[in-house]
Amino acid sequence: MSEHLSEQEIVRREKLKEFERLGINPYPAELFEVNCNSNQILSEYNDELKNFQEVSIAGRLMAIRLMGKAAFAVIEDQHGRIQLYVSRNDLTVGEDATLFDEVVKKLLDIGDFIGVKGFVFKTRTGETTIHVKEFKFLGKSLRPLPIVKETKDEQGNVTVHDAFVDPELRYRQRYVDLVVNSGVRETFLKRTKMIQTIRDFLNEHGGLEVDTPVLQNIPGGAAARPFVTHHNALDVPFYLRIANELYLKRLIVGGFDFVYEFSRNFRNEGMDRTHNPEFTVLEFYVAYKDYFWMMDFTEKLFEKIAIALHGTTDVKVGDNIISFKAPFKRIGILDAIQEATGEDVSNMNEEQLRELCKKHRIEVDNSMGHGKLIDELFSELCEKKFVQPTFIMDYPVEMSPLTKKHRSKPGLVERFELMINGKELANAYSELNDPIDQRARFEEQAKLMERGDDEAMFIDHDFLRALEYGMPPVSGIGIGIDRLAMLMTNQPSIQEVLFFPQMRPEKTE
RNA sequence: GAUUCUGUAGCUCAGCUGGUAGAGCAAUACACUUUUAAUGUAUGGGUCUCGGGUUCGAAUCCCGACAGAAUCACCA
């Protein structure tokens, strides 16, 4: 951190000395009893009833307008902002007006924490305001906050002046972003509410929330490059999990019928608007169910989330209105490709698929097999077209080593991905529970790895051992929580729904 | 990783074809007891991201580094 202090920082530090001279602790230890918050007062105060006549409230000073022997100030607490009215008379004890003349008028800065007691009234202009009778200084701010002001025109449209917008500063100093930008807090409150809604829904249906290891010695359950670390005492490498799938299935083997976990996953890949190195996926597994049941359950869950957050199933995302009203459209991946290209790929061999890719100017290489080519065709030509929630079903077996083979369609598996707004939001299977087949699939993956596919899965022998003891039929799903939060809060970037998105470290000189 | 754009006061931004930096808010001082982007008067505040180069002279032009954003690639 730079030792260079700006003029304003020096001034604020000098004010600390002034506090000391006056015998006022700028960082008092004792608690300040609060009996309400800004939002309660603003929404419940009634000028005729004269309620809220003995309020005690604390917050951060966000604006102050000094007017000689009186002052108006605005404080912000967790729930919003409220205006204060302070007069010199009210803060004068005997002949001593130090509190007003020195502290309020000279030592107070935007960003400071204060606590006040008083009564609520409405000013001439109709603003609900706290008339301060007692004032306590609670904490000095030594760094000037960005000042963001708002004006309202007659229609009530809010114009923001000098908004704090630099993305680098906003993400690196999220604490500042949260203080000064109204709306940021709301996004994160919605995210939390969304997760609570999901948790409640799963619990209501018998789900059991569990924790499984983040440090794994085999990074399984997905195809991605892991972060590697090292355990000193054991002298072995460990991987930060890329998925928790194989652990949740072990719990199904152990006899739990419905387990779920909000899993922080880590993938050592590129970062962009929809990818952060650590991200959250909800996975859950339900015994004796198949992927059809999972589609029914998932669309009910999404519908419930939309209603909980928006009061309706129609959610505005960018320029689109997305309807989360169940049921969602369902279409096989091969049909989706046919719809988009007019080509029936269901009976094509690898060579024909490769030709088709070339025809559509999709880059292919020799390591790509039959399934990968179909996947490429889909993601290049179809994915973006599914704006309304759509279940894409029945993927090629090669791409899905943990999925049960389709009950009637050879070469395919019982898998679906849920596409919304052109992005994959969820991925689910009728889970493969045949240990012989699972071993064979892992061995296929091992061959792919030898062929140079660095996304192929490792063989997890303990997981195979668990399957050999027997796993009931089970359907499981992974839902991208960050991407769902982006949808539900209408944010175009994952950084807007993560408190502290990953960034390159700041240089310390 | 590639391409493009961006980096100037605490914040938001101007700064033209190169001539030693400007506004609003914020800060400081004074005035003001119902203001609300409060107002009025005055004042201070800058390693122009960093390092090279061209030039009599660089915030400005060139090269490089650093950081961020967008697009692409990668990432089921």
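Note on naming: letters A, B, ... go to the chains in the order of the sequence lines (proteins, then strands), and numbering restarts at 1 for each one.
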*Could you spell out the base pairing of RNA chain B in dot-bracket, with Watson-Crick or G-U pairs whose two distances are under 3.5 Å, [ ] crossing and | to another strand?*
(((((((..((((.....[..)))).(((((.......))))).....(((((..]....))))))))))))....
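- Place A:Phe72 and A:Leu108 on RNA chain B by their nearest nucleotides, and A:Leu108 ends up nearer the 5' end.
- With sequence neighbours excluded, the residues satisfying ring pair (Phe, Tyr, Trp, His ring centres under 6.0 Å) with A:His131 are A:Tyr85, A:Phe119, A:Phe121.
- For the ring pair (Phe, Tyr, Trp, His ring centres under 6.0 Å) test, no residue two or more places apart in sequence or in another chain qualifies with A:Phe500.
- Checked against side chain to side chain donor-acceptor pair (under 3.5 Å), A:Glu20 has no partners two or more places apart in sequence or in another chain.
- If A:Glu380 and A:Thr123 are placed on RNA chain B by their nearest nucleotide, the residue sitting closer to the 5' end is A:Thr123.
- Here A:His161 does not lie in a stacked arrangement on the base of B:G24, lacking the combination of planes under 30° and ring centres under 5.5 Å apart.
- Donor-acceptor pairing under 3.5 Å is recorded for the side chains of A:Glu261 and A:Thr212.
- Counting only residues at least two apart or on different chains, no ring-ring contact (aromatic ring centres under 6.0 Å, His included) pair has a member in residues 139-185 of chain A.
- B:U20 shows a glycosidic angle within 90° of 0 and is accordingly assigned syn.
- Between A:Arg65 and the phosphate of B:U39, there is no side-chain N or O to OP1/OP2 separation shorter than 4.0 Å.
- Distance noted for atom C1' between B:U17 and B:A9: 27 Å (whole Å).
- The side chain of A:Glu7 approaches B:G45 more closely than any other nucleotide in the set B:A67, B:U33, B:G45.
- The side chain to side chain donor-acceptor pair (under 3.5 Å) search around A:Ser263 returns A:Arg241, A:Asn265, not counting sequence neighbours.
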